[in-house]
Protein chains: 2
Amino acid sequence: MSDIKLYSYWRSSAAFRVRIALHLKHLRFETIPVNLISQDGGQQHSADYQHVNPQELVPTLIDGGRVIRQSLAIIEYLDESYDGARLLPSTARERARARGLAQLIACDIHPLNNLRVLQYLEHEDNMPQIERERWVQHWIKLGFKAYEDMLVSNPSTGDYSEGDIPSIADCCLVPQVFNAQRFGVDMKAYPEIMRVTANCLKLPEFDAARPERQPDAPKT
Amino acid sequence: MSDIKLYSYWRSSAAFRVRIALHLKHLRFETIPVNLISQDGGQQHSADYQHVNPQELVPTLIDGGRVIRQSLAIIEYLDESYDGARLLPSTARERARARGLAQLIACDIHPLNNLRVLQYLEHEDNMPQIERERWVQHWIKLGFKAYEDMLVSNPSTGDYSEGDIPSIADCCLVPQVFNAQRFGVDMKAYPEIMRVTANCLKLPEFDAARPERQPDAPKT
């Protein structure tokens, strides 16, 4: 029995990635909610949480005495440390492709659009809401166009982004699709992305990780 | 003898990471320069290069018939595929720490400050130069403060970011320090970062990867 805790926020795209990975590995974990939009400016900035994660971002994984930060590093750690479904493919070439796709999202789309950046654009740059939405959509569309190209053009694409087993790439893709839909991006331009996403969401492991299934999600 | 080519730009921070890794692995490679600021709007947007990298970003690594994209995925690929110095540490805990530090830079600092983002802020948002510089400095300072904390607070820090062997974390740190200095960030606030960076730059492998040593760097 593992002793795993995840500092998470229900709507955080990066925490969503790790929740998928934990479910794919069939690991039990305790969710510790960090409310990123609490009245006091966000629990991620509290002194207690700064000690857990000096970046004041979620997610953070606690595994026994270990503190692991950064969603992709956490996913690789879980894959190396625990049996069960493999989150990284079996050859160096396939791993490079899965990691490259994951990083397309985790480096080149998501960081531009997360909460702290939108807060900066609103409060420091006085960017109007309609321009902030255009900013978000711009980086998603640019990234998804490339991701779609890479799915279409590579015979290594299967039921999932890389081959026929869900990987670290899919752990990143599905949360980014949720995020895109939330910001009103027209997903009809990305049929391969939507095919892979639909395949993922048929799996109970992805379903359990959805934002609305989390203990800190607002009750509807 | 390997048949490795690197699409690179002398001042690209992400390409700089991969150049360090190639030198640490003692791999010979051919540099194919991609001029990101050519008169026609940047060679990364040419039809030929789009085929190599649909994201229209550098670096891209060609290894025989393989095309590997995303700097961190390339570094992991090189480490898994070639003998020589290890770019990832030997235990899962240490690898998680090295990857987490690398991703702090590669996900949460650099993507906010690269050329395409500054071009968007200038041309689409009409952000004045002084405000763009403040933007760049903001994300560097926020990230470096956390990186510095993590170096100071963890006994696993050694001559380099993780232990006494240069790793993927240092491949990211040194280019980000160059970038910070170029944008006028006062580095006195980060003595541990500067200690590790100085140790790295004593090594010929880091020195050979410096921007000004590249074939496409302007002659001074």
Side-chain angles (χ1 to χ4, degrees), chain A residues 14 50-51 53-57 61 63 66-81 88 91-93 95-104 106-112 114 116-117 120-121 124-125 127 131 134-135 138-139 142-143 145-150 153-154, chain B residues 14 50-51 53-57 61 63 66-81 88 91-93 95-104 106-112 114 116-117 120-121 124-125 127 131 134-135 138-139 142-143 145-150 153-154:
Chain A
Q50 274 180 41
H51 189 70
N53 189 326
Q55 281 199 271
E56 303 170 29
L57 295 171
L61 185 92
D63 183 10
R66 293 180 181 170
V67 183
I68 318 283
R69 305 177 186 109
Q70 288 286 342
S71 61
L72 299 186
I74 294 170
I75 293 171
E76 299 254 4
Y77 170 81
L78 292 172
D79 204 38
E80 293 177 353
S81 303
L88 276 294
T91 71
R93 182 193 66 75
R95 280 193 294 277
R97 181 161 180 265
R99 286 182 179 127
L101 289 168
Q103 289 162 18
L104 186 163
C107 300
D108 293 330
I109 301 179
H110 178 67
L112 292 157
N114 74 3
R116 63 182 194 157
V117 172
Y120 186 103
L121 290 174
E124 303 293 324
D125 181 45
M127 189 188 274
E131 288 300 311
R134 193 165 75 91
W135 160 277
H138 175 79
W139 301 114
L142 207 58
K145 180 175 181 298
Y147 201 106
E148 180 79 8
D149 279 1
M150 293 183 201
S153 65
N154 197 313
Chain B
Q50 274 181 39
H51 189 70
N53 190 326
Q55 281 200 271
E56 304 172 26
L57 295 170
L61 185 91
D63 184 9
R66 293 179 182 171
V67 182
I68 318 283
R69 305 178 186 108
Q70 287 287 343
S71 62
L72 298 186
I74 294 170
I75 293 171
E76 299 255 4
Y77 170 82
L78 291 172
D79 204 38
E80 293 176 353
S81 304
L88 276 295
T91 72
R93 182 192 66 74
R95 280 192 294 277
R97 181 162 182 266
R99 286 182 179 127
L101 290 168
Q103 290 161 19
L104 185 163
C107 299
D108 293 330
I109 301 179
H110 178 66
L112 292 157
N114 73 3
R116 62 183 195 157
V117 173
Y120 185 103
L121 291 172
E124 304 292 324
D125 182 45
M127 190 188 272
E131 287 300 310
R134 193 166 75 92
W135 160 276
H138 174 80
W139 300 114
L142 207 57
K145 179 174 182 300
Y147 201 107
E148 180 79 9
D149 278 1
M150 293 184 201
S153 65
N154 196 313

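A note on names: the letters A, B, ... follow the listed sequences, proteins ahead of strands, and every chain is numbered from 1.
At a 4.5 Å heavy-atom cutoff, Arg97(B) makes no contact with chain A through either its backbone or its side chain. With a threshold of 4.5 angstrom between heavy atoms, Leu121(A) approaches chain B through side-chain atoms but not through N, CA, C or O. Using a 4.5 Å cut-off between heavy atoms, Glu148(A) makes no contact with chain B at all. With a 4.5 Å cut-off on non-hydrogen atoms, Ile74(B) does not touch chain A at all. When heavy atoms are compared at a cutoff of 4.5 Å, Leu101(B) does not approach chain A at all. Leu112(B) touches chain A through backbone and side chain together, each having a heavy atom under 4.5 Å away. For Val117(B), the parts sitting under 4.5 Å from any heavy atom of chain A are the backbone and the side chain alike. Of the atoms belonging to Tyr147(B), not a single heavy atom falls under 4.5 Å from chain A. For chain B, no part of His110(A) is nearby; none of its heavy atoms comes within less than 4.5 Å.
Gln50(A) and Asp149(B) form no side-chain donor-acceptor contact under 3.5 Å, judged by distance and modelled atom types alone.
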Glu56(B)/Lys145(A) under salt bridge (Lys or Arg N to Asp or Glu O under 4.0 Å): CA gap, chis, key distance, verdict: CA-CA 11 Å; Glu56(B) 304 172 26; Lys145(A) 180 175 181 298; 5.3 Å; no
Criterion salt bridge (Lys or Arg N to Asp or Glu O under 4.0 Å) on Arg95(B) and Glu76(A), from CA distance to verdict: CA-CA 9 Å; Arg95(B) 280 192 294 277; Glu76(A) 299 254 4; over 6 Å; no
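For the pair Gln103(B)/Arg69(A), no side-chain contact is recorded, criterion being any heavy-atom separation below 4.5 Å from C-beta on. You'll find the side chain of Gln70(A) reaches within 4.5 Å of the side chain of Asp108(B), heavy atoms only. With a 4.5 Å cut-off on side-chain heavy atoms, Arg99(B) and Leu72(A) do not count as touching. Side-chain contact between Asp125(B) and Trp135(A) is absent, with no heavy-atom pair separated by less than 4.5 Å.
Of all heavy-atom pairs spanning Glu124(B) and Glu131(A), the tightest one is O-OE1, 4.4 Å. Of all non-hydrogen atoms in Ser81(A) and Ala92(B), the two that sit nearest each other are OG-CB, 3.9 Å.
Ranking Leu104(B), Asn53(B), Asn114(B) against chain A, the residue ahead of the rest is Leu104(B), based on heavy-atom pairs under 4.5 Å. Chosen from Ala102(B), Gly100(B), Ala106(B), the residue pairing most often with chain A at heavy-atom distances under 4.5 Å is Gly100(B).
The NE2 atom of His51(B) lies 8.0 Å from the OG atom of Ser153(A); values are rounded to the nearest 0.5 Å. Arg93(B) contributes atom CZ, which lies 8.5 Å from atom CD1 of Ile68(A) (distance to the nearest 0.5 angstrom). The CG atom of Leu57(B) sits 8.0 Å away from the CG atom of Leu142(A) when rounded to the nearest 0.5 Å.
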